[in-house]
Amino acid sequence: MSKPKCALITGITGQDGSYLAELLLEKNYEVHGIIRRASTFNTDRIDHIYTDPHKEDTRLFLHYGDLNDGTMIRRVLEQVQPCEVYNLGAQSHVRVSFDSPEYTADTVGMGTLRLLEAIRDYQQRTSNEVRFYQAGSSEMFGKVQAVPQTETTPFYPRSPYACAKVFAHWQTVNYRESYDLFACNGILFNHESPRRGETFVTRKITRAVARIVAGTQKKLYMGNLDAKRDWGYAKDYVKAMWLMLQQDKADDYVVATGETHSVEEFLEKAFGHVNLRWQDYVAFDERYLRPTEVDLLIGNPTKAQTQLNWQPSVTFDELVQLMIHSDLTAVGIEPAKATSKSA
């Protein structure tokens with residue numbers, strides 16, 4: 001029996017990392033993930049797939065580390081010897097990046113550079129090819145220069161997070177062209193799921209709706225409701241990541257639905273699922289405004305659709321419903337009964 005392919009994922013405990021780990025395990029990979037040391041367990045999203053590391057059938061392994069630590073990155077690469085590396089680790093909250101710009105730039109920008117340099121050195125010494133995926137972001141387009149955005153649309157970042165992602169993007173291109181690394185950028189537009197972090201706007205909304213129905217929350221405080229985003233389903237998007245590394249040639253791809261919806265539309269759909277008017281529960285709080293806003297993001301996924309044969313499988317309405325149902329269940333309310341209870 002041939003040895004399974006081996007993948008290393010940074011950010012494995014996040015939304016995308018957990019879905020990607022599931023996908024790779026389904027494809028019979030041996031999966032290794034880098035997690036940051038914390039005083040409390042932070043592996044909730046992968047606990048259901050993480051088994052005893054001493055069992056013979058285990059194919060998921062976790063390693064303590066941080067993208068700020070180049071020595072650790074090199075050590076893990078030597079130990080794991082992966083054929084694929086997915087860099088999903090980051091300080092990924094745009095608003096927080098304004099408060100912690102140096103940390104964000106170091107983790108997102110320099111962290112990617114440390115990883116690329118470690119892969120280059122490892123590949124040069126061992127002659128083992130390592131295929132690299134860099135998690136780009138639609139935030140790199142920022143103050144958009146074209147509508148919709150494609151792989152050739154100029155970047156105009158509007159936050160420390162986006163600036164760091166642009167740096168990471170071009171370093172990935174540079175290492176591909178300078179050292180012949182198989183290195184891909186996935187320019188992923190907003191992608192959500194029930195595993196989305198609770199401080200991100202979509203999950204903040206669906207979690208609040210569930211708590212309002214349960215009677216444990218009265219108000220939801222929001223910032224800019226006019227911002228428009230291209231929202232897809234995270235489980236679809238990690239499949240695109242994997243597909244990029246299965247191609248004959250490394251390239252960069254926009255992954256998006258090609259539709260845009262405002263935060264207000266998301267509110268209307270989310271509250272509408274439980275027969276409530278969002279206007280009765282939502283209040284404005286200027287603390288949630290960014291110093292510079294990104295007003296409109298909408299991606300053109302034609303290249304990913306044609307070259308990767310990738311398609312989104314979940315509509316905007318289905319995505320909102322999926323998240324609402326999950327958060328209702330989490331507070332002990334059957335989704336089917338939520339509408340009658342709130343009517």
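We're numbering straight along the sequence, starting at 1. Values below: every heavy atom of this structure, side chains too, minus hydrogens, waters and symmetry copies.
- Taking CG of L267 as the start and CD1 of I205 as the end, the distance is 4.0 Å to the nearest 0.5 Å.
- Between the side chains of T112 and N87, a donor-acceptor pair is found at a separation under 3.5 Å.
- Classification of E151 and K303 as a salt-bridged pair fails, no side-chain N sitting under 4.0 Å from a carboxylate O.
- For the atom pair R45 CZ and S193 OG, the distance stands at 7.5 Å (nearest 0.5 Å).
- Between the side chains of Q91 and T104, at least one donor N or O sits under 3.5 Å from an acceptor N or O.
- The pair R114-D106 counts as a salt bridge, with a side-chain nitrogen and a carboxylate oxygen less than 4.0 angstrom apart.
- Tracing side-chain contacts under 4.5 Å through hydrophobic residues (I, L, V, M, F, W, Y), one never reaches I73 starting from Y103; they form parts of separate clusters.
- Counting only N and O atoms by type, the side chains of Q123 and Y179 include no donor and acceptor under 3.5 Å apart.
- N300 and T302 share a side-chain donor-acceptor pair at under 3.5 Å.
- Salt bridge annotation for D285-K219: absent, with no cationic side-chain nitrogen under 4.0 angstrom from a carboxylate oxygen.
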task = Output, in order, the C-alpha distance, side-chain angles, deciding distance and verdict of ring-ring contact (aromatic ring centres under 6.0 Å, His included) for W310 and Y237.
result = CA-CA 9 Å; W310 176 86; Y237 285 40; 5.5 Å; yes

key: Worked verdict on L113 versus F167 for side chain to side chain contact (heavy atoms under 4.5 Å, CB included)   = CA-CA 9 Å; L113 180 58; F167 176 87; 4.3 Å; yes

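- One hydrophobic cluster, built from ILVMFWY side chains closer than 4.5 Å, cannot hold both V173 and Y175; they sit in different ones.
- The distance from the CZ atom of R131 to the CD atom of Q246 is 7.0 Å, given to the nearest 0.5 Å.
- To the nearest 0.5 Å, atom CG of residue L60 and atom NE2 of residue H32 are 8.5 Å apart.
- With respect to the salt-bridge test (charged N to carboxylate O, under 4.0 angstrom), the residues E139 and R290 qualify.
- Summarising the local packing, CD of Q217 is surrounded by more than 12 heavy atoms from other residues, nucleotides or ligands at distances under 6.0 Å.
- Of the charged side-chain nitrogens involved, at least one lies within less than 4.0 Å of a carboxylate oxygen, so that R195 and E22 count as a salt-bridged pair.
- Between atom CG of residue L24 and atom OH of residue Y86 there is a gap of 5.0 Å, rounded to the nearest 0.5 Å.
- With rounding to the nearest 0.5 angstrom, the OG1 atom of T315 is 8.5 Å from the CD atom of Q321.
- Side-chain contact between Y122 and V85: absent, with no pair of heavy atoms (C-beta onward) separated by less than 4.5 Å.
- There is a path of hydrophobic side-chain contacts, each under 4.5 Å, that joins V76 to L181.
- Side-chain atoms of D16 and H191 form a donor-acceptor pair, as typed in the model, at a separation below 3.5 Å.
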